[in-house]
Enquirer: 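Take this structure first; my questions come after.
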Amino acid sequence: MDYVEHRMAHEAAKQPSSSALITPLNLILLSLLLYTLYKTLFSSSSSSSYPTLPRGPPPTVFRTYTPRTLLPFNGTTNTTTSSSSPGDASAPPPVYFAVRGRVFDVSRGRNFYGPGGPYANFAGRDASRGLACGSFDEDMLTEDLDGPLDDLADLGPDEMEALRGWEERFLEKYDVVGRLVSVGVYNDEQKKQQQQQQPVLSSE
């Protein structure tokens, strides 16, 4: 037993040799470290050598539209929105339309909903009745932009089912960027908001 304890103490007291540090793993790690330092210090300093990710779309702000404020988003008018900044002249104008009170950004489907597309008359408008009836006629659009919204009360169950199908398709493919309300509802909401923001005067 004394021999084993003596041998263990002798091995523990030995100084680590330099050959113990030179192992294949340590050599690989050292070479990786040197390569990284070389690339960091001596590679070209231009940022073009690094891959860049494409710029994502700017954030979309959810807002409330009236038929009149939605009208400019027909793909022909250059508006200042989340999808086209005023300094970016190369960005095509956005295309929005509403279905049952939801405003969709259908700019990705510009070939269908933008200028010259088969659904172009819905751009910047409430498309609910036209989609429900399967008609692209102008008389399917609300004429009085300052009046109440079309409540679709006279549509039958088949037309409402068709409209729900369209709405589901748009929810899968496009972003909802706002809601559509009548001018009267919008004005009422603005008045309530202003009243809530006014400080309450205490009667003393």
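For clarity, every value in this text was computed on a predicted model and none was experimentally measured.
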Enquirer: If you round to the nearest 0.5 Å, how far is CG of L29 from OG1 of T23?
Expert: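 Spacing of OG1 (T23) from CG (L29) equals 8.0 Å.
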Enquirer: Look at the aromatic rings of W166 and Y119 and report parallel, tilted or perpendicular, splitting at 30° and 60°.
Expert: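 Taking Y119 first and then W166, their aromatic rings stand perpendicular (interplane angle over 60°).
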Enquirer: If only atom types and distance count, is the side chain of S107 paired as donor or acceptor with the main-chain N or O of V95 below 3.5 Å?
Expert: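 At least one qualifying donor-acceptor pair exists.
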Enquirer: Sub-3.5 Å donor-acceptor pair from the side chain of R125 to the main-chain atoms of T142, do we have one?
Expert: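 Here the side-chain-to-backbone pair exists.
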Enquirer: Can you name the nearest heavy-atom pair linking P118 to N111, along with the distance?
Expert: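 Taking every non-hydrogen atom into account, CD-O, 3.7 Å.
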Enquirer: Drop me the distance from S128's OG to L141's CG, to the nearest 0.5 angstrom.
Expert: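 Those atoms lie 10.5 Å apart.
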Enquirer: Are V99 and M160 grouped together when hydrophobic residues (ILVMFWY) are joined by side-chain heavy atoms under 4.5 angstrom apart?
Expert: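 Yes, it is one cluster - the side chains of V99 and M160 are joined through contacts under 4.5 Å.
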Enquirer: Quick one: CD on Q194 to CD on Q190, what's the gap to the nearest 0.5 Å?
Expert: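 CD of Q190 is found 6.5 Å from CD of Q194.
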Enquirer: Applying the side chain to side chain contact (heavy atoms under 4.5 Å, CB included) criterion to R129, which one of D139, D154, L163 satisfies it?
Expert: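 When D139, D154, L163 are each tested with R129, the side chain to side chain contact (heavy atoms under 4.5 Å, CB included) holds only for D154.
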Enquirer: Quick check: closest heavy atoms across L145 and P67, and the distance to 0.1 Å?
Expert: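 Closest approach of L145 to P67: O-CB, 3.4 Å.
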Enquirer: Where the side chain of Q196 meets the backbone of Q193, is there a donor-acceptor pair that is under 3.5 Å apart?
Expert: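 Checking the backbone N and O of Q193 against the side chain of Q196, no donor-acceptor pair under 3.5 Å is found.
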Enquirer: Any side-chain to backbone donor/acceptor pair from R110 onto P93? Under 3.5 Å, distance only.
Expert: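 Answer holds: yes.
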Enquirer: Flag yes if V183 and L149 sit in one hydrophobic cluster, no otherwise; membership is Ile, Leu, Val, Met, Phe, Trp, Tyr, and two members link when side-chain heavy atoms are under 4.5 Å apart.
Expert: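 No, V183 and L149 fall in different hydrophobic clusters.
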Enquirer: Let's go through E138 and E143 carefully: what are the C-alpha distance in whole Å and the side-chain angles of both, what is the deciding distance for side chain to side chain contact (heavy atoms under 4.5 Å, CB included) to 0.1 Å, and is it a yes or a no?
Expert: CA-CA 9 Å; E138 288 288 326; E143 291 181 24; over 6 Å; no
Enquirer: Output yes when a side-chain donor or acceptor of T40 lies under 3.5 Å from a complementary backbone atom of T36, and no otherwise.
Expert: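 Checked: pair present.
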Enquirer: For the CG atom of D137 and the CG atom of N121, what is their distance to the nearest 0.5 Å?
Expert: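 Reported to 0.5 Å precision, the distance equals 8.0 Å.
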Enquirer: Which atom pair, heavy atoms only, marks the closest approach of R68 to P72?
Expert: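 For R68 and P72, the tightest heavy-atom pair comes out as O-CD, 3.4 Å.
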Enquirer: Between R169 and E172, is a salt bridge (charged side-chain N to carboxylate O under 4.0 Å, His left out) present by the stated rule, with each step listed?
Expert: CA-CA 5 Å; R169 188 173 307 145; E172 290 172 4; over 6 Å; no
Enquirer: Going by an N to O cut-off under 4.0 Å, is there a salt bridge joining K192 and E189?
Expert: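 Answer for the salt bridge query: no.
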Enquirer: Looking at F136, F122, F97, F104, which one forms a ring-ring contact (aromatic ring centres under 6.0 Å, His included) with Y113?
Expert: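 Among the candidates, only F97 passes.
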Enquirer: Of all the heavy-atom pairs spanning V181 and T64, show the shortest one and how long it is.
Expert: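 In terms of heavy atoms, the two residues are closest at CG2-CG2, 3.5 Å.
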Enquirer: When rounded to the nearest 0.5 angstrom, what distance separates CG in D126 from CG in L152?
Expert: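 Taking CG in D126 and CG in L152, the distance rounds to 7.0 Å.
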Enquirer: What pair of heavy atoms forms the shortest contact from S182 to T66, and how long is it?
Expert: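 Smallest heavy-atom distance, with atoms named: O-CG2, 4.2 Å.
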